[in-house]
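A quick write-up on the structure given underneath.
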Amino acid sequence: MNKMNTKKLYIKTWGCQMNVYDSRRMEDILSPLGYTATENPEDADMVILNTCHIREKATDKVFSEIGRLRDIKEDRAKDGKKTLIAVAGCVAQAEGDFIMERAKAVDMVFGPQAYHELPEMIIKATGERVVNTGLGVDTKFDQLPQESLNHGAAAFLSVQEGCDKFCTFCVVPYTRGAEYSRPVTQILNEAQKLADAGAIEITLLGQNVNAFHGEGPDGKIWTLARLIEELAHIKVIERIRYTTSHPCDMQEDLIFAHRDIPKLMPYLHLPVQSGSNKILKAMNRKHTAESYLEILDNVRKVRPDIAFSSDFIVGFPGETDQDFEDTMEVVKKVGYQSAYSFKYSPRPGTPAAAMQAAIVREEIKGERLTRLQGLLNSEFLKFNQKYVGQIMPVLFERKSEKSGNLQGRTPYNQSVTVAANDRLIGQIVDVAINHASPSNLRGDVVTVEMVAKSA
Ligand code: 5AD
Ligand code: SF4
């Protein structure tokens, strides 16, 4: 066998779906060089840490992982084996030089815009250490190989990257660069490939995906709604989702798409971050609590059963008890299906990190997060309980940790565990829901006998 085929690649991924997607793309790029994935860093000829810089202690986590890998690298060297260690992603982008200086075991550092240059960097790294953290997103997508063919029934497709919103707490505009939308033809080709490979659900990804404005095949600029309409024509694709969005980019055509395109799932992740207008202003969010709620109302008007999800930050500089209560009020008004909530953590270089005078103590942040998550969990449970006793179409995505069970999702993005045969993976199957928790549903696959009984 060719020696090329024996190289092993270990990728550890932190952070958002965008990073998960990027890691898969890196596997694709390296496969022509003979790399195949391994779960075990001890076997790996190349290790990539695909990092996330968005919240706290990201850099510390990366350094502790590098420490563990350095030991592995030294052990492997005793057996005459070489190990390349690369740090990729947003921590690399923001702190590449610092990593190279402090961690001598690291051979390569590169940001999200340099993935297509990986093969070249590997060749360079055999002789010297490589740093590549330029921001040049418009070439990145063109030069990546096509999505590889085996990514399951629920696939991700990156359509947009970067962000021009400059929320004062956020590193994305600095690490991922300016907002960039891929050309529509490229996206449609990739979606067709995913469909050919068995995908029946596609989630369109972007840091600010509803700002999408890619060039269409007709030479005009297409909105996200227009893109979704076109993707819905791909026969085998039965479900379309998108994440993550900004309230100010929630245009009318996208709202109406939730009414007019049955394949667009009744689920919307629209982060509000805070319920206090004073804090929203300090965050440079450019919307108020009222305008956010009005947008949700407008979506609900056209799609009454839609499920909402959000991100929240507690303890942003200057947040008083009353500001926090305003956030709790928004949660009560909306009735979320799911949400992510975080303690504010200052990110170097962002405007909020300089708001020193108004820092909220860690202890208070902790108390607020606990209260918020308590309320959110009770809202999630309320949402999920509405579906007990109902039959839901569930797309089975994978085996559950519990043996003999599969894990799937409803149209509302609720996760469902069902005792079912592995052959149902990749299919949409009717499930009778019989139990709800805040983060999961349980049920039974609907059989012919059950249908006959209820008739
Ligand atoms: N501190 C806490 N949470 C943050 N997020 C982004 N930056 C920070 C920060 N500095 C959260 C926001 C965003 C989600 C992806 O991460 O809620 O929507
Ligand atoms: Fe960051 Fe999202 Fe704000 Fe853009 S819209 S700056 S990605 S939080």
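Computed from a predicted model, the values in this text were never measured in an experiment. For ligands, and for the atoms within them, numbers begin at 1 and follow the listed sequence.
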Proximal candidate to atom 15 (C) of ligand 1 [heavy atom criterion; set V314, T244, D311, T350]: D311
Within the 6.0 Å centroid threshold, strictly below: F342 and F316: no
For atom 3 (Fe) of ligand 2 the protein N, O or S atom count under 2.8 Å stands at 1
Determine whether N277 and E290 make a side-chain contact, defined as any pair of heavy atoms from C-beta on separated by less than 4.5 Å. yes
Counting heavy atoms under 4.0 Å, the part of Q273 that contacts ligand 1 is side chain
Taking ring-ring contact (aromatic ring centres under 6.0 Å, His included) as the cut-off, I'd like each qualifying pair that reaches into residues 271-301, sequence neighbours left out, listed once. H246-H287
Examine distances only and state if a side-chain atom of S181 and a backbone atom of H213 form a donor-acceptor pair shorter than 3.5 Å. yes
Do ligand 1 and F312 have nitrogen or oxygen atoms that lie under 3.5 Å from each other? no
Can you classify the ring geometry of Y412 versus F383 as parallel (below 30°), tilted (30 to 60°) or perpendicular (above 60°)? perpendicular
Within a radius of less than 6.0 Å around NZ of K278, do more than 12 heavy atoms belonging to other residues, nucleotides or ligands occur? yes
Need the ligand 1 atom indices (1-based, order shown) with element for anything under 4.0 Å from a heavy-atom of K343. 1 (N), 2 (C)
Given side chains that start at C-beta, do those of L205 and T243 come closer than 4.5 Å, heavy atoms only? yes
Can you pull the ring-ring contact (aromatic ring centres under 6.0 Å, His included) pairs that have at least one residue in residues 318-340, sequence neighbours excluded? H269-Y340, F312-Y336
Residue pairs, two or more places apart or on separate chains, that pass salt bridge (charged side-chain N to carboxylate O under 4.0 Å, His left out) and touch residues 292-318: R303-D305
Could you tell me whether some N/O pair between Y344 and ligand 1 is separated by less than 3.5 angstrom? no
For ligand 1, indicate whether the residue F169 contacts it via side chain, backbone, both or neither (heavy-atom separation under 4.0 Å). both
